[in-house]
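For reference, the structure is listed below as structure tokens.
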Amino acid sequence: MMWEQTREGAGTTMPGGDQEPGSYYVGVDVGTGSVRAALVDQRGIILAFADQPINRWEPQFNHHEQSSEDIWAACCVVTKNLRETCWDKAGHFFDLPDFLSWKATGVTARSLCSLVCKWTYSAEKGWDDSFWKMVGLEDFVADNYSKIGNQMLPPGASLGNGLTPEAAKDLGLPAGIAVAASLIDAHAGGLGVIGADVRGYGLACEGQPVTSRLAVICGTSSCHMGISKDPIFVPGVWGPYFSAMVPGFWLNEGGQSVTGKLIDHMVQGHAAFPELQAKATARCQSVYAYLNSHLDLIKKARPVGFLTVDLHVWPDFHGNRSPLADLTLKGMVTGLKLSQDLDDLAILYLATVQAIAFGTRLIVEAMEAAGHSLSTLFLCGGLSKNPLFVQTHADITGMPVVLSQEAESVLVGAAVLGACASGDFTSVQNPLIRKTRGIRTSTLLWVCWFKLGWVTKLSGSSVEQPYLAIRCSDKMLWVLGLKEREGKVSLMR
């Protein structure tokens with residue numbers, strides 16, 4: 001286990017010029033006769049030690065028994081005995097966004113976003129004393145949660161008197177500038193893109209409430225943010241969290257672990273990657289821009305999606321976050337050949353992008369089955385700058401995809417919080433919905449319409465499909481290929 005020391009003096013220089021470590025670690029050793037624990041700093045130096053005997057029974061000769069409950073109790077005793085050295089000296093435990101707010105303002109108030117999404121806090125009922133007692137952290141209850149937060153503010157609320165003089169000097173800004181209660185980065189991206197002005201593009205969501213929009217923040221991993229007026233419980237999707245992104249709305253958060261990272265892994269691990277790098281560099285392109293153009297060259301007369309008719313990727317190389325919520329799942333590639341040339345790399349890259357898009361579609365379907373009504377995807381993040389990634393999501397979900405003119409939607413969302421904290425707006429919803437003046441969360445850049453020429457929804461269609469994702473059980477999905485034979489579509493396992 002690890003915690004950060006938050007009192008003044010952490011990370012200071014010691015005599016001799018060594019940097020005093022700011023992080024400490026607890027090592028626990030369960031032996032035959034006792035449990036021992038030590039507090040160790042980053043230099044490997046033991047700063048404190050504690051031990052506790054374990055009970056042993058010998059019901060008959062040469063038969064020995066121990067109690068797992070007794071061993072756990074001993075573990076609790078030795079770690080608590082270290083408290084005098086470290087636990088009681090910890091001033092506060094912060095999630096990173098709240099830590100940064102505290103450094104800027106000196107205010108220990110927490111944002112509802114972090115506490116609701118990560119710390120089991122309920123925006124309606126507050127802390128659950130029984131939970132902390134059950135996990136052996138009843139100290140939090142005893143001191144009225146002062147270490148983890150007993151003052152909570154909605155995102156965008158102004159913190160204290162703004163920037164402290166010390167923080168202002170460090171940041172190069174005037175003291176007293178308003179600082180807002182924070183959002184987690186993905187949630188800021190959702191706020192920054194979900195309120196885009198879409199008038200004049202013929203989108204269904206133009207005449208629908210903001211709850212018809214799904215914000216997809218796609219980078220190293222992907223988050224799928226949908227809001228509702230009433231709580232909706234979606235199996236395998238996190239939430240609902242009240243006021244965690246937009247005050248007054250419930251948030252459901254789907255997710256895919258390692259999406260951008262998976263694409264990098266598949267491309268960079270291929271035998272043809274050095275050739276790809278050389279050719280992309282010669283054209284002054286990124287490797288992904290080169291791959292996109294290469295796919296256009298090799299697709300010939302058919303839609304690009306048909307290139308993966310025999311190659312499929314199961315994308316859960318790091319487990320499945322949503323909607324299966326199974327961390328034990330692993331990745332899979334089926335349909336590999338002996339060749340490993342640039343064409344094969346491009347097609348593997350395409351199959352990986354398609355697999356990620358199918359993951360988004362499964363999240364959308366799970367949310368809709370539970371009661372969400374979604375009509376449009378709003379993408380932001382690094383992967384939204386890849387036209388193939390965007391078009392593939394439109395094709396596979398059967399939904400138009402909206403990109404904002406400002407590519408850095410996370411920063412726009414953070415600026416919306418600042419606009420509220422400054423007093424220019426009374427709540428996050430005001431800049432979110434204002435169309436004619438003031439700050440807009442985003443201006444529409446373009447709409448990517450889905451193409452039904454190569455993929456359609458699972459509800460069924462006579463349109464040819466190169467592959468189809470079908471749920472066979474709660475724990476597994478199969479990707480089935482479709483091939484065209486004599487003008488008909490036949491199912492290939």
Side-chain angles (χ1 to χ4, degrees), residues 1-7 21-95 114-122 125-150 233 235-236 238-239 257 316 318-322 324-330 473-476:
M1 64 182 70
M2 185 198 85
W3 60 84
E4 294 288 338
Q5 183 177 351
T6 60
R7 289 190 178 276
S23 297
Y24 302 89
Y25 310 89
V26 174
V28 179
D29 169 34
V30 179
T32 303
S34 67
V35 173
R36 305 181 303 155
L39 181 71
V40 183
D41 67 16
Q42 289 178 319
R43 299 163 297 184
I45 297 174
I46 294 179
L47 304 178
F49 172 84
D51 64 349
Q52 176 72 14
I54 300 173
N55 292 319
R56 290 179 290 175
W57 294 269
E58 189 175 358
Q60 55 182 294
F61 175 71
N62 212 26
H63 286 71
H64 303 274
E65 295 180 356
Q66 288 182 302
S67 166
S68 56
E69 290 295 331
D70 182 62
I71 292 172
W72 174 249
C75 290
C76 296
V77 169
V78 294
T79 55
K80 287 182 177 180
N81 285 343
L82 297 175
R83 286 174 41 177
E84 184 177 348
T85 304
C86 52
W87 180 264
D88 287 342
K89 292 183 178 180
H92 300 279
F93 296 93
F94 289 105
D95 216 68
S114 295
L115 291 192
V116 169
C117 293
K118 295 188 177 183
W119 286 76
T120 74
Y121 183 81
S122 169
K125 300 178 181 179
W127 292 112
D128 181 354
D129 294 353
S130 64
F131 169 78
W132 298 105
K133 293 176 181 178
M134 179 180 66
V135 299
L137 294 176
E138 59 275 2
D139 297 359
F140 289 154
V141 181
D143 71 358
N144 193 30
Y145 298 101
S146 63
K147 289 188 176 182
I148 61 173
N150 53 20
F233 290 86
W238 296 347
S257 298
D316 295 330
H318 197 57
N320 183 285
R321 189 187 305 175
S322 303
L324 302 183
D326 188 345
L327 58 83
T328 68
L329 289 179
K330 302 295 185 291
S473 71
D474 289 339
K475 292 296 183 181
M476 182 57 65

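- Between Asp326 atom CG and Asp316 atom CG the span is 8.5 Å, to the nearest 0.5 Å.
- Summarising the geometry of Ser257 relative to Gly319, their closest heavy-atom pair is CB-O, 4.5 Å, with the distance given to 0.1 Å.
- In terms of heavy-atom proximity, Val78 sits nearest to Ala50 at O-CB, 3.7 Å.
- Of all the heavy atoms in Ala90 and Lys147, the pair that sits closest is O-CE, 3.2 Å.
- Two residues are said to be in side-chain contact when any heavy atoms from C-beta on lie closer than 4.5 Å; Trp57 and His63 fail this criterion.
- Leu137 CG to Trp132 CH2: the interatomic distance, rounded to the nearest 0.5 Å, is 6.5 Å.
- Remark: Ile46 CD1 is loosely packed, at most 12 non-hydrogen atoms of other residues, nucleotides or ligands lying under 6.0 Å away.
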Steps toward side chain to side chain contact (heavy atoms under 4.5 Å, CB included) verdict (Asp128, Ser122): CA-CA 8 Å; Asp128 181 354; Ser122 169; over 6 Å; no
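- When each of Asn150, Asp139, Asp129 is checked for a side chain to side chain donor-acceptor pair (under 3.5 Å) with Tyr145, only Asp129 meets the rule.
- In Leu327, the CG atom is not crowded: 12 or fewer heavy atoms of neighbouring residues, nucleotides or ligands sit closer than 6.0 Å.
- Here the shortest heavy-atom pairing between Gln66 and Ile54 reads NE2-CG2, 3.4 Å.
- Between Gly236 and Ser322, the closest heavy-atom pair is O-OG, 2.9 Å.
- At least one side-chain heavy atom of Trp127 sits less than 4.5 Å from a side-chain heavy atom of Thr120.
- Side-chain contact of Asn144 with Ser146: a donor-acceptor pair under 3.5 Å is absent, judged by distance alone.
- Sorted by first and then second residue, the side chain to side chain donor-acceptor pair (under 3.5 Å) pairs involving residues 45-55 (not counting sequence neighbours) are Asn55-Asp70.
- Between the side chain of Lys330 and the backbone N or O of Thr328 there is at least one donor-acceptor pair closer than 3.5 Å.
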